[in-house]
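To start, the structure itself, in structure tokens.
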Amino acid sequence: DLNPTVAQIDITTNGSSWLWAVFSVMAATGLGCMVWGMKMSRGERTFHYLSAAILATASIAYFSMASDLGATPIRVEFLNGAFVGGDGLYPTRSIWYARYIDWTITTPLLLLELLLVSGLPLSTIFVTIFFDLVMIITGLIGALVQSRYKWGFFTFGCVAMFYVFWVIWVPGLKSASHLGAEFKKSYLTSAAILCGLWFLYPIAWGLADGSNQISPDGEMVFYGVLDLLAKPVFAMVHLFSLRKCDYSSLHL
Ligand code: RET
């Protein structure tokens with residue numbers, strides 16, 4: 001086809017405007033949070049700085065992926081739904097491990113944003129972050145495993161995620177309610193957004209790194225939209241809802 005106007009979605013191999021666009025949003029909102037935080041008093045800037053750190057990390061991850069760096073080819077057994085494994089030659093799929101490095105840093109910080117205003121004891125927060133790390137690292141290992149054993153790692157990751165959700169909705173919600181009506185309201189909004197979005201990540205994983213049903217380009221769009229909602233949008237909603245809460249007594 002010589003028609004140059006035919007749409008070509010060749011995102012991940014040619015470096016992409018989509019990934020650069022996500023990079024720009026992450027970098028701009030990150031800088032914004034930094035400047036906003038510097039204008040706050042010391043006791044009130046915790047969540048601005050946490051957001052800035054999350055967005056700075058995401059910026060670097062997207063810089064890497066937009067530059068076509070941070071992926072490695074892994075042999076796959078399935079291609080477009082058909083089994084192609086066996087003794088012959090395997091096709092490969094790019095596994096974008098850069099995003100797991102991002103998530104290892106950013107998901108614990110996102111949980112801190114939520115749990116530091118829940119009034120939960122640090123011991124509970126540490127255990128929750130430990131299971132969050134189990135979730136991400138098993139996802140990374142599973143993505144790099146070339147056989148169906150990858151689904152074993154995926155299962156460990158899902159169990160860990162449901163433990164995190166349990167802490168958020170049972171002891172976390174109870175504790176936040178004790179801090180007062182404004183805290184409870186802010187906590188409920190942020191917890192609902194966080195859990196609703198996080199639940200979609202293993203679905204994307206299953207379609208992309210897990211079963212190779214969607215191409216790396218489709219994966220970039222799926223995770224890209226999720227990352228924009230889970231990082232800059234979540235951070236803004238959280239920072240604005242916290243403005244009504246007096247958390248100076250929490251000594252953050
Ligand atoms: C994996 C695969 C293993 C099972 C589960 C997963 C969940 C990942 C999540 C990622 C969240 C990322 C965020 C990034 C910020 O933008 C690792 C995909 C459960 C929940 C919020």
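Read the numbers this way: they start at 1 and go in the same order the structure lists the ligands and their atoms.
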Check for me whether the distance between the ring centres of Trp198 and Tyr201 falls short of 6.0 Å.
no
Would you find a donor on one side and an acceptor on the other, under 3.5 Å apart, between the side chain of Tyr223 and the backbone of Arg99?
no
Atom pair CG/CG of Asp132 and Leu111 - distance to nearest 0.5 Å
4.5 Å
One residue to check: Met161. Relative to ligand 1, which of side chain, backbone, both or neither has a non-hydrogen atom less than 4.0 Å away?
side chain
Donor-acceptor pair, distance only, cut-off 3.5 Å: does the side chain of Ser67 make one with the backbone of Leu69?
no
For ligand 1, which atoms sit closer than 4.0 Å to a heavy atom of Gly139?
2 (C), 3 (C), 17 (C)
I'd like to know if the side chain of Lys244 and the backbone of Glu182 have a donor-acceptor N/O pair within less than 3.5 Å.
no
CE of Met26 to OG1 of Thr57, rounded to nearest 0.5 Å, is 10.5 Å
If you take the nearest heavy atom of each of Lys150, Met26, Met135, which one is closest to atom 7 (C) of ligand 1?
Met135
For ligand 1, indicate whether the residue Thr107 contacts it via side chain, backbone, both or neither (heavy-atom separation under 4.0 Å).
side chain
for atom 1 (C) of ligand 1, nearest protein heavy atom and its distance come out as Trp205 CD1, 4.2 Å
Atoms of ligand 1 under 4.0 Å from any heavy atom of Gly157, numbered from 1 in the order shown, are 4 (C), 19 (C)
Atom pair CD1 (Ile95) and CD (Gln146), whose distance is rounded to the nearest 0.5 Å
9.5 Å
N or O contact, Lys231 vs ligand 1, cut-off under 3.5 Å
yes
Below the 3.5 angstrom mark, is there an N/O of Trp198, backbone or side chain, next to an N/O of ligand 1?
no
Heavy atom of the protein closest to atom 8 (C) of ligand 1 (residue, atom name, distance)
Tyr201 CB, 3.6 Å
